[in-house]
Amino acid sequence: MRWLSSADYFARLFMNAPNTLEGLRFAALEAVLQLAEVNPVHARPIFSAVQRQLVGEGLSTATGILPPVQRWLESDTAIPLTKMALVDETPSADGFTRKYLLSMPDRAEVESVQMGFPGRFTACLSSQVGCAMGCVFCATGQMGFSRNLTTGEIVAQAHHVERELRRTNPGERLRNIVMMGMGEPLHNFEPTMEALDILTDNRGLNIGPARVAISTVGYIPGIQKLARHPKRYSLAVSLHGASDEERGKLVPINKRWPLSELLEACREYSALKRARVFFAWTLIRGVNDSDDHAQRLAERLQGMDAHVNLIPLNATEGFDGQAPDDARVRAFQQIIQNSGLPSTVRQRRGIDVAAGCGQLKARKKS
Ligand code: SAH
Ligand code: SF4
């Protein structure tokens with residue numbers, strides 16, 4: 001076994017992308033072991049300890065790793081663990097939602113959310129600290145962009161949620177992952193894809209790829225790459241407007257990636273993956289909630305295998321719009337349904353602790 005200096009590792013393996021044990025795919029872990037002249041058969045017990053037993057800092061408590069390999073893992077020449085501490089945990093009064101505030105060594109913070117009930121627990125993960133897309137009604141957009149999360153930091157969020165689940169609901173485990181937290185996942189494509197590859201690995205948490213949803217504001221180059229990615233995750237696209245003019249006022253990147261091109265990319269995705277595309281529409285009173293908007297939305301999606309998720313606006317500090325009343329939401333949905341499109345109204349969960357759609361942001365620094 002060769003004990004390479006950590007400088008050697010980073011130079012040879014992670015030239016531009018610092019990584020951690022949690023952020024290594026199985027094949028990457030095998031490659032690291034090979035470089036260190038450790039037999040790659042040890043990849044399996046190490047991967048299992050990190051990704052299934054979720055030993056975290058307690059690597060020494062892991063079962064199945066031979067003592068010399070264990071010692072190598074604990075030496076300062078091996079790959080470090082992700083540094084992401086759980087600093088706050090806020091349960092919602094709704095009993096279905098729990099928000100986690102996680103902090104990283106550079107003092108960057110992100111939020112992740114656990115949702116659901118036994119048999120159907122979901123983790124809502126962040127992909128970036130802040131977001132560069134600037135959607136006017138979104139708290140993450142309002143805070144601006146700080147940095148991308150690494151693969152390890154995306155994976156570690158799921159680990160935190162899963163550990164809490166095991167502690168509070170013995171026998172339960174995470175079933176679903178939605179990339180609907182802070183940031184635009186397709187704007188941080190590779191780390192997001194690597195993280196999902198790790199989380200869906202059957203040697204790890206083994207989340208079914210069909211139970212993973214990636215939500216995008218309409219980042220077309222990412223949708224095109226996702227359509228050609230080997231795994232079939234569920235794609236959700238945030239629309240909010242049925243014309244460039246209307247959508248551009250809410251979603252500034254519509255100017256760069258206009259609606260017709262976006263819908264073309266969605267059609268291509270649906271055809272290549274033989275998959276339904278989910279469209280999110282945040283309903284804002286007097287802005288995009290009329291019968292006419294519903295009609296035009298339905299026309300835009302004609303002929304596509306599509307499902308519409310309606311999200312009544314959640315309050316954020318930087319936007320003074322209102323959600324429509326329930327009757328308006330139902331009328332809007334009825335028009336969509338009448339056109340033959342399936343739709344769902346997203347339940348308002350976690351609003352009391354600002355864990356709802358578009359409400360996530362890092363705590364203000366003093
Ligand atoms: N950046 C991705 C992933 C975040 S998902 C995306 O935008 O799709 C967050 C979802 O909540 C998106 O559909 C977004 O449009 C929606 N959203 C943002 N702010 C909201 C708010 N204040 N109320 C309701 N939904 C909101
Ligand atoms: Fe970014 Fe999505 Fe918020 Fe838009 S809605 S600012 S893309 S996180």
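Note that the numbering runs from 1 along the sequence shown for the chain. Just so you know, these numbers use all the heavy atoms, side chains as well, and skip hydrogens, waters and symmetry mates. When a ligand or atom number is given, it counts from 1 through the structure's own listing order.
The distance criterion of under 3.5 Å between nitrogen or oxygen atoms is met by Phe137 with respect to ligand 1. Taking distance alone, with nitrogen or oxygen atoms compared against 3.5 Å, Arg346 stays at or beyond that limit from ligand 1.
Of all the atoms in ligand 1, the ones that sit under 4.0 Å from a non-hydrogen atom of Ala280 are 13 (O). Atoms of ligand 1 lying under 4.0 Å from any heavy atom of Ile311, numbered from 1 in the order shown and given with element: 24 (C), 25 (N). Close approach of ligand 2 to Gly141 (heavy-atom distance below 4.0 Å) involves ligand atoms 6 (S). Counting the atoms of ligand 2 from 1 in the order shown, those under 4.0 Å from a heavy atom of Val217 are 7 (S). Of all atoms in ligand 1, numbered sequentially from 1 with element shown, those under 4.0 Å from a heavy atom of Thr216 are 6 (C), 8 (O). When each atom of ligand 2 is checked for a heavy atom of Cys131 under 4.0 Å away, the hits are 1 (Fe), 6 (S), 7 (S), 8 (S). Against a heavy-atom cut-off of under 4.0 Å, Cys138 is close to the following atoms of ligand 1: 18 (C), 19 (N). For ligand 1, the atoms closer than 4.0 angstrom to any heavy atom of Glu184 are 1 (N), 2 (C). The Thr316 neighbourhood of ligand 1 comprises atoms 22 (N), with distances under 4.0 Å to a heavy atom of that residue.
Protein heavy atom at the shortest distance from atom 3 (Fe) of ligand 2 is Cys138 SG, 2.3 Å. Of the protein's non-hydrogen atoms, the one nearest atom 9 (C) of ligand 1 is Met180 O, 3.9 Å. Of the protein's heavy atoms, Ser238 OG, 3.3 Å lies nearest to atom 12 (C) of ligand 1. Summary of contacts: the protein heavy atom closest to atom 2 (Fe) of ligand 2 is Gly183 O, 4.5 Å. Nearest protein heavy-atom neighbour of atom 10 (C) of ligand 1: Cys357 CB, 4.4 Å. Protein heavy atom closest to atom 4 (Fe) of ligand 2, with residue, atom name and distance, is Cys135 SG, 2.3 Å. Atom 15 (O) of ligand 1 has its closest protein heavy atom at His240 NE2, 2.7 Å. Atom 23 (N) of ligand 1 has Asn314 N, 2.8 Å as its closest protein atom, hydrogens excluded (heavy atom only). With hydrogens left out, the protein atom closest to atom 4 (C) of ligand 1 is Gly181 O, 3.6 Å, a heavy atom. In this structure, atom 25 (N) of ligand 1 lies nearest to the protein heavy atom Thr282 OG1, 3.1 Å.
No side-chain donor from either of Glu22 and His159 sits under 3.5 Å from a side-chain acceptor of the other. At a cut-off of 3.5 Å, with distance as the only test, no side-chain donor of His240 or Glu246 sits close to an acceptor on the other residue. Side-chain atoms of Thr216 and Glu184 include a donor-acceptor pair closer than 3.5 Å. Counting only N and O atoms by type, the side chains of Asn338 and Gln334 include a donor and acceptor under 3.5 Å apart.
No donor-acceptor pair closer than 3.5 Å links the side chain of Lys99 to the backbone N or O of Glu111.
In this structure, Leu21 and Leu29 have side chains that are in contact, with non-hydrogen atoms separated by less than 4.5 Å. Side-chain contact between Gln157 and Tyr100 is absent, with no heavy atoms from C-beta onward closer than 4.5 Å. In this structure, Ile220 and Leu262 have side chains that are in contact, with non-hydrogen atoms separated by less than 4.5 Å. Proximity of Ile46 to Leu33: side-chain heavy atoms (C-beta onward) are separated by under 4.5 Å at one or more points.
Of all non-hydrogen atoms in Leu102 and Met84, the two that sit nearest each other are CB-CG, 3.9 Å. Nearest heavy-atom pair across Thr20 and Gly152 is OG1-CA, 3.6 Å. The two residues Glu57 and Leu81 make their nearest non-hydrogen contact at CA-CD1, 3.9 Å.
The shortest separation from a heavy atom of Gly141 to ligand 1 is not under 4.0 Å, leaving the residue out of contact.
Here atom 1 (N) of ligand 1 lies nearest to Gly183 when heavy atoms of Gly183, Ser215, Gly318 are compared.
Ring planes of His307 and Phe278: tilted class, angle from 30 to 60°.
The environment of Arg256 atom CZ is sparse: at most 12 non-hydrogen atoms of other residues, nucleotides or ligands sit within 6.0 angstrom.
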